[in-house]
4 protein chains.
Amino acid sequence: MLGKNTWLIADGYMSDTVKGEFVSHEAVCVLNLSGETAHIDLTLYFEDCEPLHGFHATCDHERTNHIRLDKQVNDEGKTIPRNKPYAILVESDRPIVVQCSRLDVSQPEYALMTTIAY
Amino acid sequence: MLGKNTWLIADGYMSDTVKGEFVSHEAVCVLNLSGETAHIDLTLYFEDCEPLHGFHATCDHERTNHIRLDKQVNDEGKTIPRNKPYAILVESDRPIVVQCSRLDVSQPEYALMTTIAY
Amino acid sequence: MLGKNTWLIADGYMSDTVKGEFVSHEAVCVLNLSGETAHIDLTLYFEDCEPLHGFHATCDHERTNHIRLDKQVNDEGKTIPRNKPYAILVESDRPIVVQCSRLDVSQPEYALMTTIAY
Amino acid sequence: MLGKNTWLIADGYMSDTVKGEFVSHEAVCVLNLSGETAHIDLTLYFEDCEPLHGFHATCDHERTNHIRLDKQVNDEGKTIPRNKPYAILVESDRPIVVQCSRLDVSQPEYALMTTIAY
């Protein structure tokens with residue numbers, strides 16, 4: 001079975017900058033080759049306040065889901081704050097692979113970074 | 001034996017931007033130190049449609065192959081679509097090492113990102 | 001228990017450039033899901049001189065700490081030099097996850113890079 | 001013992017661009033916490049020609065060495081070609097940690113990427 005059920009990302013951050021059609025954001029990119037739909041829970045951790053739970057996503061077998069963090073809303077209607085460092089726990093009921101990427105447009109030009117999660 | 005036969009990349013994306021001699025693209029970079037030629041199959045997974053199979057490449061022993069995804073054509077003559085998130089399964093009959101990188105020129109200047117695949 | 005107690009980063013570097021509100025810096029980003037507060041020691045290694053010890057940080061359970069290296073002061077009042085290559089040993093008394101990122105503003109626009117530490 | 005003796009990097013490339021004080025380059029960054037000096041051999045692999053052997057470096061205990069690939073000369077007086085994709089095998093007689101980073105100044109502004117090697 002390819003992948004695993006729990007993944008961790010320590011460096012999360014979305015600035016509030018927008019440039020034309022581009023918006024600074026992060027994406028938790030998931031690939032599911034497990035044979036069944038994966039149900040995914042995201043928990044966000046911060047430096048100085050309680051975690052935010054209750055963000056959910058799914059990814060079907062033989063599909064990818066590039067989960068845009070700037071578009072997520074949790075069970076309580078909360079979104080992920082901008083301009084605030086966070087970290088992410090990704091939990092899936094099926095083994096998946098997780099890679100996290102950031103697009104930042106704080107400056108006239110933009111910057112990209114990515115890493116396979118831990 | 002250095003490397004392994006199966007590698008996964010969750011964040012794939014090629015914008016359709018061109019800037020002078022530069023074209024936005026991704027490369028699946030392979031190193032083969034297995035003693036024999038590696039035959040490599042790529043499968044592309046999407047968010048909302050069936051996978052694309054049938055992309056093939058080879059990498060000789062003691063050679064690298066930086067497989068440009070914008071130049072691949074599969075058995076059915078299909079190319080990898082731009083402006084559409086994907087993920088990649090890399091399967092080789094010999095152990096290899098895989099690293100995936102993106103060059104994006106959507107903006108006047110460009111951005112790079114890379115990670116060893118999972 | 002998620003994570004581990006020892007992490008290594010081989011490529012550290014902070015240029016001395018500043019651009020408006022942005023300052024070139026690196027961050028050692030930590031996530032702690034161990035159940036107790038983590039006490040973290042950083043040691044900096046250089047190419048041509050003795051290591052710098054005595055940089056300390058903490059990270060509570062279910063919190064992240066994005067440790068800005070340009071703001072750290074060690075037990076002897078020393079800071080981390082700019083324009084000088086270094087590497088980092090991160091030691092924690094509790095298992096944590098570590099990801100290291102660099103923001104560089106040496107040029108008019110900036111660049112980002114990140115990787116999960118080893 | 002922290003680290004390992006063999007590391008692989010699949011995506012190597014140095015463009016021939018220079019911009020003011022900046023030159024496009026890659027660095028194989030090494031950290032040695034093994035207790036003794038590490039003697040390191042680099043082998044460069046290409047897409048369409050024989051490997052280049054005979055690049056050597058050392059890294060003392062509790063030191064880092066950010067090995068600039070644009071400055072290496074092998075036993076036969078050869079340097080690493082620019083504008084040509086390569087991959088790297090890093091072999092050390094002592095366990096080390098290896099991270100590879102690229103600075104590219106092909107465009108007016110520059111781009112960075114990094115990953116812990118495999």
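Numbers restart at 1 for each chain; the letters A, B, ... are given by sequence-line order, proteins then strands. The structure presented is a predicted model; accordingly, all values stated were derived computationally and were not measured.
- No salt bridge links C/Glu91 with C/Lys4; every basic N to acidic carboxylate O contact stays at or beyond 4.0 Å.
- Contact of C/Phe46 with chain D is made through the backbone alone, with heavy-atom distances under 4.5 Å.
- Minimum heavy-atom separation, D/His56 to D/Asp41: ND1-OD1, 2.6 Å.
- Ranked by non-hydrogen atom pairs under 4.5 Å with chain C, the options D/Ile96, D/Leu103, D/Val98, D/Asn65 are led by D/Asn65.
- Looking at C/Thr43, there are no atoms closer than 4.5 Å to chain D (heavy atoms on both sides), in backbone or side chain.
- Nearest heavy-atom pair across C/Asp16 and C/Arg82 is CA-CD, 3.6 Å.
- With C/Glu26 contributing its side chain and C/Leu69 its backbone, the two residues share no donor-acceptor pair below 3.5 Å.
- Of the atoms belonging to C/Ile88, it is backbone heavy atoms, and not side-chain ones, that fall under 4.5 Å from chain D.
- Of the possible donor and acceptor atoms, none in the side chain of D/Glu62 sits under 3.5 Å from a partner among the backbone N and O of C/Pro51.
- For C/Tyr86, the part lying under 4.5 angstrom from a heavy atom of chain D is the backbone only.
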Go through the steps to decide whether C/Thr37 and C/Thr58 satisfy the test side-chain hydrogen bond (donor to acceptor under 3.5 Å, both in side chains), and finish with yes or no.
-> CA-CA 7 Å; C/Thr37 296; C/Thr58 59; over 6 Å; no
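- Heavy atoms closer than 4.5 Å to chain D are found in both the backbone and the side chain of C/Leu8.
- Interface remark: D/Val30 contributes backbone atoms only to the contact with chain C (heavy atom separation under 4.5 Å).
- The part of C/Cys49 that comes within reach of chain D is its backbone (N, CA, C, O), which places non-hydrogen atoms under 4.5 angstrom from that chain.
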